[in-house]
Undergrad: 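Got a structure for you, written out below as C-alpha cells; questions coming shortly.
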Amino acid sequence: MGTTLPFHYHHHNLFLNTITPHKPTSKPYNTSITHKPKLTSCNLTRGLVEIVSSGSMQHALKLFDKMPQSDTFIWNVMIRGYTDHGFFLDAINLYHRMRYQGVRTDNFTYPFVIKACGVLLELSEGKKIHGNLIKLGLDADVYICNAIIIMYGKLGHIGSALKVFEEMPVRDLVSWNSIITAYSLVQQYLSSMEWFREMLRQQIRPDKFSLIIALDVCSLCVYCSGGREIHCFALKSGFALDIMVQTSLVDTYCKCGMLSYAERVFDKICLRNVVAWNAMIGGYALNGQPLRAFSSLKKMLKDDNLDVDNVTLINLLPSCAQVGAVLLGKSVHGLAIRKGFLPHPVLETALLDMYGEFGLLNFAELIFNQMTDKNLITWNAMIALYVQKGWNEKALNLFEELLSGYLKPDTVTISSILPAYAKLASLRECRQIHGYVMKLNYHSNLFVSNSIIYMYASSGDLVTARTFFDQMSSRDIISWNTIIMAYAIHGMGTMSIELFSEMKERGFQPNGSTFVSLLTSCSNSGMVNKGWAYYNLMKQDYGIEPQIEHYGCILDLIGRTGNLDQAMSFIEEMPLLPTARIWGSLLNACRNKGNIELAELAAERIMSIRHDNTGCYVLLSNLYAEAGRWENSEHIKSIMKKAGIEKTLACSTVHTVFRLHRFVNQDRSHMESDMIYNVLGIIISRNPGHSKCEEYVKKFKPSDLVRIKANLPENHSIRLAVCFGLISTALGNPVLVRKNTRICEDCHIVVKRISEITKSEIIVGDSKVFHHFRDGHCSCGDYW
DNA sequence: TTAGGGTTAG
C-alpha cells in the first residue's frame, strides 16, 4: 500500500490524531509508507482534495497557499471545502480573493459560492454574483441556475427564483425540485404543491427527492390528503420501498396527526435505521403518545441494536415533558453529556423547553445562560417560557436584550412577547411595539396581529383594539374569538354578540373558543338568559361538547344570580371533574352572597387540588373578616404564613407620558401625595352616607377596629391611583388604572361615585375584568 | 480528480 501524500502532511495529521483522539479525521491517511512520494503538482492536488474532504480546512489552506494559484481547479476545491463544512463566509471570501487575484472562475466555482450566499442570507452578495454570471455568460448553466433558485428561495425572493426557472433554456429534474423547494422556503406551500403537480402534468418523472420535498410541504401545511396522494404515487412508482421516502412518509403522517398510517408505513420498512426510528419517536410525542415513544426507544436499542444519536434525544425530550418525568428527562440530559452531544444548539433548546415544561425555570435559565451559540429559536423558546409562566418582566428584559444584539426578532418572537406587553406595559409602550411590528412588516402575520388585538384590549385600549381588528386585511377564527373576548373583558356583552353575528355572516364557523369568549361576555355583562341561550345553541346547533372552560362560564353566570344551590347542583351534575377554576367561581359567588359555609367547602376543594391558592386564601380570610370572625381570619393568615404563601401586595398603577406610577394601600410616597389625598378627601366628603368605617364602627367592637384599621378601604391603592389619574390625565381622555388584584366592593362604589362627580370616564382593569365607570355606573353591573 | 435539489431536530 502506498500513498501519494507529501510526508509533512502525513506527519502533521498523525500528530493531530494523538492530541484529539475523539475527533479522528473522517478519512485517515494510510501510514504504511514504503516509498518517499514525489512532490508533483498532481500529488499535491490529490492531497488537497483529500484534506478538504476530511474537513480540516486550516491544513488545506496551508497546503493551498504553497501551491501554484493560477489553477481554477484548486480554488474550486477550496471553496467547495468551505461550503461543505459550514464555513460559508470563508467560501465567499475565498471567491473574492480568487477574483481579486485574477484567477478565472468557471461553472464549477459558482454553485458553492451561491449556496454560501443563500445560507448566510447574503442578498446583496448573491445579487452581485448573479450579475457577474450574466456577464460571464454562465447564467444558462443548469447547475448554476438550480443553485440560484434555491438561493433566492432562502432569501425570500421567490419572484427572482421563478424568473430564473422560467428563463432557463434547459431544465432538468433538479430544476423542478429546486423550484418546488423554493416555494416551500418562502412558505407558499400551495404554490409549491402546484409546481409539483405541474411537473407531473408535463410528464416529468419525479425522483425520490421530489417526493421527499413534496411530503415535507404536506407536513408544513398539514395537508393530509396531499400526503396520502404522494403515498399512492410512491406505491405505484416503486419509491415506497426507499427508506428515505418511507421515513418522510412516517414523518408527514405523524405531523398530520395520522399516527396509525405512520405506524403502518414504519412497520413495512425492511431495514430500519436511526433516522426512521427518530421520525417515529418524534411522531409519538407530537401525537401525545409519550409512552409509545419510550417503548419505541427500547425496541430501537434492543431489537434493532441501534444506538441513539442527538436527534433521538431531541425527539425524546418532549415525551419526558409530557409525562412530567423529571428524573427521566434529567437522565436523558446526562446521556447527552456522556455521549458528547453537547454543546448542540438544537439539543440545548429542546432541553430548555423540557425544563420549562417541568416548571424548573432555573434549569432552563441555566441552559440558556450557558449556551454559546444561541440562535433566534433559542431566544424565542426562553421568551415564550417566561411569558407562559407569567414572568413577564423577565420576558420583557430578555426581549430588550435580544433587540440590542444582532439577531432580528421574527413573527414567533413578536407574538410570544406581545402578551407580556399586554400585562405590563403602558399604552405608550404598546404603541411603540406596534410601530416596530409595522416597520418589520409583521402585521400581516395572523399570529402577530391577533396578539396585537389582545394586547390593546388587555392594556385597556379597546378602541385601538377594535380599529386594528377592523383594518386587518385578513382574519381567522382566532381574530374573531379575540375581539369577542376583548369586549368580554371590558364588560360589553352586546358588542360581543354583535360581532358574533357578523362573524357568522362572513362565513366563519364558531368553535369551542368562540363560545368561551361569548359566554364570558354574557357572564361579565350580566346577560344571564343570553348566556344560557348560547350555551344551548353551542350544544344543539353546533354540536360542540362543552369543555371545563364552558362550565366555568356558566357557573359564573349562575353565581351572578346568587342562586348558590343551583350553582352547587350544576357542579355536581357536570360530566367533568371540577377544577380549581370551577371551585373558584363558586367561591366568588359565595363571597358576593356572604355564604361562609359554602365558601369554606369551595376553598377546601381548591386547596386539595393544590393549585396556586393565594387568591383563595385571601378571599376566605377577607370573608371571615367581613363577618367579624377574626379567629378564622387570623387562622387562614397563619396557614399562609406557615406554607410560605405571600399575599400578593395589592397595588394600582397609572401611566403618564413619562413614567409608571405605582400605589400601594395607604401610600404616602408619591411626590404629589398631598394633592392626591386632598382630592380624595374632597370626593369622600361629597360622598356622604357611604363609609365602610362608619359601618364598621356600628358593626364591631372597638378592639376589632384596631385589627381592621390597617386595611381600611378608605386609603386603598385604587383610590389613590384614580385620584392621581384625574390629576394627570388630559381632559377628555379616560383615566386608566390597572390593579393586580380584584377591586373591593367599597372601592367599586367610590369609583362609581367619582365618575359621577367628575363626569370623567374611569377605566379600572383589575385582575379579572375591566370596569368602565361612567356617570355613576359600572360596565360590570356590580358583579365581578 | 470538483457541481445543483434531498429523510429525522428546537
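Letters go in sequence order (proteins before strands), and every chain restarts at 1.
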Undergrad: Which nucleotide sits closest to the side chain of A:Ile314: B:dG4, B:dG5, B:dG10?
TA: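 The listed nucleotide nearest to A:Ile314's side chain is B:dG10.
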Undergrad: Just to be sure I understand the rule, does A:Asn107 reach a base, reach only the sugar-phosphate, or reach nothing, if contact means heavy atoms closer than 4.0 Å?
TA: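 Touches a base.
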Undergrad: Answer with yes or no whether the side chains of A:Tyr284 and A:Ser319 bring together a donor and an acceptor at under 3.5 Å.
TA: no
Undergrad: Select one nucleotide: of B:dG6, B:dG4, B:dT7, the one nearest the side-chain heavy atoms of A:Asp172.
TA: B:dG4
Undergrad: Can you check the A:Phe239 CZ to B:dG6 C1' distance for me, whole Å?
TA: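 About 12 Å, once rounded to whole Å.
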Undergrad: Select base, sugar-phosphate, or nothing to describe what A:Val250 touches, counting heavy atoms under 4.0 Å on all strands.
TA: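 If one applies the 4.0 Å heavy-atom cut-off, A:Val250 turns out to touch nothing in the nucleic acid.
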Undergrad: Hydrogens and angles aside, do A:His130 and A:Tyr152 bring a side-chain donor and acceptor to less than 3.5 Å of each other?
TA: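 There is such a pair between these side chains.
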Undergrad: A:Ala147 side chain: which of B:dG10, B:dG4, B:dG6 is closest?
TA: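 Between B:dG10, B:dG4, B:dG6, the one nearest the side chain of A:Ala147 would be B:dG4.
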Undergrad: Tell me if the side-chain of A:Ser248 makes a donor-acceptor pair with the base of B:dT7, cut-off 3.5 Å, by modelled atom types.
TA: no
Undergrad: Looking at B:dA3 and A:Phe108: do their rings stack (centroid distance under 5.5 Å, interplanar angle under 30°)?
TA: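 Not stacked: fails the 5.5 Å / 30° test.
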Undergrad: Can you confirm whether the side chains of A:Thr413 and A:Asp410 place a donor and an acceptor under 3.5 Å from each other?
TA: yes
Undergrad: Counting any heavy atom closer than 4.0 Å, what does A:Lys374 reach on the DNA or RNA strands: base, sugar-phosphate only, or nothing?
TA: nothing
Undergrad: Over all strands shown, is A:Pro318 touching base, sugar-phosphate only, or nothing at heavy-atom distances under 4.0 angstrom?
TA: nothing
Undergrad: Identify whether the distance between the nearest side-chain nitrogen and carboxylate oxygen of A:Asp267 and A:Lys299 falls below 4.0 Å.
TA: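 Salt bridge flag = no for A:Lys299 with A:Asp267.
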Undergrad: Using atom CG of A:Asp139 as one end and atom P of B:dA3 as the other, report the distance to the nearest whole Å.
TA: 22 Å
Undergrad: Which nucleotide wins on minimum distance to the side chain of A:Thr247, given the candidates B:dT8, B:dT1, B:dG6?
TA: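 Nearest nucleotide to the side chain: B:dT8.
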Undergrad: Do you see a donor-acceptor pair shorter than 3.5 Å between the side chains of A:Thr378 and A:Asn375?
TA: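 There is such a pair between these side chains.
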Undergrad: Confirm from the modelled atom types if A:Thr349 and B:dG10 form a donor-acceptor pair under 3.5 Å, side chain to base only.
TA: yes
Undergrad: Return no unless some side-chain N or O of A:Lys154 is found under 4.0 Å from OP1 or OP2 of B:dG5.
TA: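 Answer no for this pair, as no side-chain N or O of A:Lys154 is under 4.0 Å from OP1 or OP2.
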Undergrad: Quick check for you: among B:dG10, B:dG5, B:dG4, whose closest atom lies nearest to any side-chain atom of A:Ile213?
TA: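 Among the listed nucleotides, the one closest to the side chain of A:Ile213 is B:dG5.
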Undergrad: I need the NZ-P distance between A:Lys339 and B:dA9, as an integer number of Å.
TA: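 For the pair A:Lys339 NZ and B:dA9 P, the rounded distance is 20 Å.
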Undergrad: Just to be sure I understand the rule, does A:Asp141 reach a base, reach only the sugar-phosphate, or reach nothing, if contact means heavy atoms closer than 4.0 Å?
TA: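 Touches a base.
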Undergrad: Whole angstrom is fine here: how far is it from CG in A:Asp84 over to P in B:dT1?
TA: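 Rounded to the whole Å, the gap is 19 Å.
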Undergrad: If you check every side-chain atom of A:Ala279, which of B:dG4, B:dT7, B:dT8 has the closest atom?
TA: B:dT8
Undergrad: How many Å lie between CD1 on A:Ile269 and P on B:dT7, as a whole number?
TA: 15 Å
Undergrad: Within a reach of under 6.0 Å around CG of A:Leu271, are more than 12 heavy atoms found that belong to other residues, nucleotides or ligands?
TA: no
Undergrad: Side chain of A:Tyr143 only, heavy atoms from C-beta on: which candidate in B:dT8, B:dG4, B:dG6 is closest?
TA: B:dG4
Undergrad: Is any side-chain heavy atom of A:Tyr183 closer than 4.5 Å to a side-chain heavy atom of A:Ile158?
TA: yes
Undergrad: Which nucleotide sits closest to the side chain of A:His344: B:dA9, B:dG10, B:dG5?
TA: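 Nearest listed nucleotide: B:dA9.
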Undergrad: Using a heavy-atom cut-off of under 4.0 Å over every strand shown, decide if A:Ile212 touches base, sugar-phosphate, or nothing.
TA: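 Result for A:Ile212 = sugar-phosphate.
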Undergrad: Separation of A:Asn76 atom CG from B:dG4 atom C1', in whole Å?
TA: 14 Å
Undergrad: Taking the side chain of A:Thr45 as heavy atoms from C-beta outward, which of B:dT8, B:dT1, B:dG4 is closest to it?
TA: B:dT1
Undergrad: Suppose we call a contact any N or O donor and acceptor under 3.5 Å apart; does that hold for the side chain of A:Asp207 and the base of B:dG5?
TA: yes
Undergrad: Base, sugar-phosphate or nothing for A:Ser210? Non-hydrogen atoms, less than 4.0 Å.
TA: nothing
Undergrad: When the distance from CG of A:Leu347 to P of B:dT8 is rounded to whole Å, what number comes out?
TA: 18 Å
Undergrad: With respect to the side chain of A:Asp353, which nucleotide from B:dT8, B:dT2, B:dG10 is positioned closest?
TA: B:dG10
Undergrad: Donor-acceptor pair under 3.5 Å: do we get one between A:Asn375's side chain and the base of B:dG10?
TA: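 Side chain to base: pair found, below 3.5 Å.
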Undergrad: Starting at atom CE of A:Met67, determine the distance to atom P of B:dT2, rounded to an integer number of angstrom.
TA: 15 Å
Undergrad: Base, sugar-phosphate, or nothing for A:Val346, non-hydrogen atoms under 4.0 angstrom?
TA: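 Counting heavy atoms under 4.0 Å across all strands, the contact made by A:Val346 includes a base.
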Undergrad: Indicate, with a heavy-atom threshold strictly under 4.0 Å, whether A:Tyr110 touches base, sugar-phosphate, or nothing.
TA: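 Here A:Tyr110 touches no strand at all.
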